[in-house]
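Here is the structure we will look at.
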Amino acid sequence: MRTWDKSRRPTGPFVLNRDSWRAQGLVGWWPWGGPSAERYVPDLSGAANAHLDTVAGGAKIGWLPYDAPGAASLDGASQYWLSGVPAVTALPFSLASWCIPTTLDANEHTTLSVSGASTNALNRLSTVSTNKAMMQFRNSGGSTSNAIGTVAMSVGNLYHLGGRVSSGGQSAIWTNGGNKQTGTAVGGSMTAVQNTTVGALYRASTPELYFPGSIGECSAWSVALEDWQMEALADPGTRFELWYPLRSRKWIVSGAVSGGPFPHHIRRRHAGGMIAMAA
Amino acid sequence: MATTFSWASPAAAAQVVPGSTAGLRNLANNTCVAGDAMTPGSNPPLFASYVADHKFVAGAIAVGTVLFKCWYCTDPAGGTSYDDNVSLASTTPPSRAPDFIFIAGKALNNQAGRSQSIPLIVARPPHPFKILVQNVAGLAVANVNDTDTIIKEATVNEYGA
């Protein structure tokens, strides 16, 4: 019997598995480990082509000292990636990212946002209220739906943030695939957006609410993912249902093995979708 | 019983984008050029690694700067009419994500440099293809000969037992 040995790190190259449930409605996917670099992370979804770049002459993004490239380390003061293409433009939509915060305080720190010129162009995943996760949506009329988690996050730990905004303008947030919390349904529509940003919010050509720490695989969908999908996204093993290793035979073995997610040390080491593309 | 796979010996490095005026020579910033027509033929190799020897005009290029973005432009129908997502002589790159990139591994200022592809191992098309290169270093390529700036590949397969 052949099964996945999820305790083993797969080796690349990888391809996007469009049959995966994670690929349905996927319009933005920045896995940090394909043709990415300190100043450039392409959108590998093949949909929105919202390729992220540091602004010309802007800050280079650091990397965590893992053996796999991919965990972006941001200073929380000036560093972010920006695309002139919005990954999503209308309701409903879903966003997800991995992160390891190095600072949690009363300020809000944005991991992934889709924004525009108007202050109402506000669609983002963020930390908020000292140490909680938040999905924030503001409709074109200025009404805001904040879904705020109740799990206390702590500095230096890995978190998966999953956020969803329904067609009725209601935000929902998952922290590590659980603790679902919802905001008020405000209805309306999404304000015109022009940008996708990782590591900050970018409105009216001004970055703000930077994220200090590391950010991993970010994703965006133009659909409202189901609850079970938002829960499953936090299992790092499901990444390989989307990001299929062409050399998969190297990590398929005979015999029964655990089908669970990666052991903690593997999750920590390759935080947030940062498995190397290369062997 | 687990199956063990290993790399076969990689092929010798061969040019895929020339350093001549038909290729990378004096390529301006944000400009694209298509490389040689590649015909994988029968039993095409599965993977390839790429290396770029490069030199740019005077001006500072910081470590980590993306120098080149590269796309496979294929013609599964036979090698005469490549992917029209992009004009192969255009300055407009494909809107899709590049298949591999090169970054500056050291600070550059009119110096010769060498970069490996990111990702290191790339799934190579089995169909006829050209590699489209966009110079995004911020500076024009500088050549005094046809080998100062050139992109080569070394293909590789894997053994299973």
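Predicted model only: the values in this text are computed from it and were never measured. Letters go in sequence order (proteins before strands), and every chain restarts at 1.
- For the options B/Gly64, B/Ser49, B/Ala123, heavy-atom pairs under 4.5 Å to chain A are most numerous at B/Gly64.
- Both the backbone and the side chain of B/Thr65 come within less than 4.5 Å of a heavy atom of chain A.
- The two atoms that bring B/Ile118 and A/Ser36 nearest to each other are CG2-O, 3.4 Å, heavy atoms only.
- Taking each heavy atom of A/Asn49 and B/Ala97 in turn, the nearest pair found is OD1-N, 4.0 Å.
- Side-chain atoms of A/His51 come within 3.5 Å of backbone atoms of B/Ser95 as a donor-acceptor pair (strictly under, hydrogens ignored).
- Contact annotation for B/Val63: both backbone and side-chain heavy atoms come within less than 4.5 Å of a heavy atom of chain A.
- Considering every non-hydrogen atom in both A/Pro35 and B/Ile101, the closest pair reads O-CD1, 3.3 Å.
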